[in-house]
Structure formats: C-alpha cells, structure tokens
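Note that this is a predicted model, so its numbers are computed, not measured.
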Amino acid sequence: QVQLVESGGGLVQAGGSLRLSCAVSGSIFSMNAMGWYRQAPGKQREFVATIASDGSTNYAESVKGRFTISRDSAKNTVYLQMNSLKPEDTAVYYCRANLRVRRASGLYDYWGQGTQVTVSS
C-alpha cells in the first residue's frame, strides 16, 4: 500500500519561507512525476509545481521565481521550497505522486492528506 505524508506546513509571516516535504512509502515499482497542489478556502484545488523523473520542472505562474520543487529519488521524497511567501499562498498543500506499484501495474496518481500553510500579513 502506498502512503504519502506531507510535512513542513505551518504559520509564517509574509515574506518568510517554508519547506514542505512529502515522503512516499510502500511498495513502489517505479516513480514517475511528483508534484504539489494547493487548495485555498472556498476555491478549487490548483496546480503549484511538478517535477518529472528526469528532473524537469513546471510551475504555476503565480509561484515562479519564489517556489522551487525538488526530489530525492532514492528516498521517494519530493520537496517544495517556498520563499517570499504571500498571504495568497495560504492553502492546504497536497502532494501527488504518479507511480506504479508493480511491473504489471499501470501508472496511477496517489495523494497525501495535505498540510496547512498559513501566511499572515
């Protein structure tokens, strides 16, 4: 069984920084893309950043230049370094991993339960 556990969220002042971590555990045959999404109160979940198995990255326009996604493939862990945080970054941040659990399996998305990030003004 695959489990994703996010950590690193909390309360921070505007302009501050946080680093989120997401550790993926369980039976994993191969890991594909990993990413971060967020959901603010009353809003739809939105894309934040993804990183492919080859290290290529994509970012939402709203976080470019401020957030950096990275991964440690050996540890099946993805990180999100968030700098210059703004109140509008306040949301629950969710980790996503696209992977296969065995050779004969297809690729599926797995989600963490989320970690709260609150940026005060």
Legend entry - Enclosure of Q113 CD (heavy-atom neighbours >12, cutoff 6.0 Å): no
Inset, instruction - Using a cut-off of 6.0 Å, state whether more than 12 heavy atoms not belonging to E88 lie near its atom CD. - result: yes
Legend entry - Sole candidate of E6, R38, Q116, Q39 that passes side chain to side chain donor-acceptor pair (under 3.5 Å) when paired with Y93: R38
Give a yes or no on whether [X] and [Y] share a hydrophobic cluster (residues Ile, Leu, Val, Met, Phe, Trp, Tyr; joining criterion: side-chain heavy atoms under 4.5 Å apart).
| X | Y | value |
| --- | --- | --- |
| Y94 | I69 | no |
| Y79 | V48 | no |
| Y59 | L20 | yes |
| M34 | V2 | yes |
| W111 | I51 | no |

Heavy-atom side-chain proximity of [X] to [Y] below 4.5 angstrom:
| X | Y | result |
| --- | --- | --- |
| C95 | W36 | yes |
| Y110 | V101 | yes |
| N98 | T50 | no |

Legend entry - Backbone N/O of F29 and side chain of R100: donor-acceptor pair under 3.5 Å: no
Inset, instruction - Scan side-chain atoms only and decide if R96 and Y37 contain a donor-acceptor pair under the 3.5 Å cut-off. - result: yes
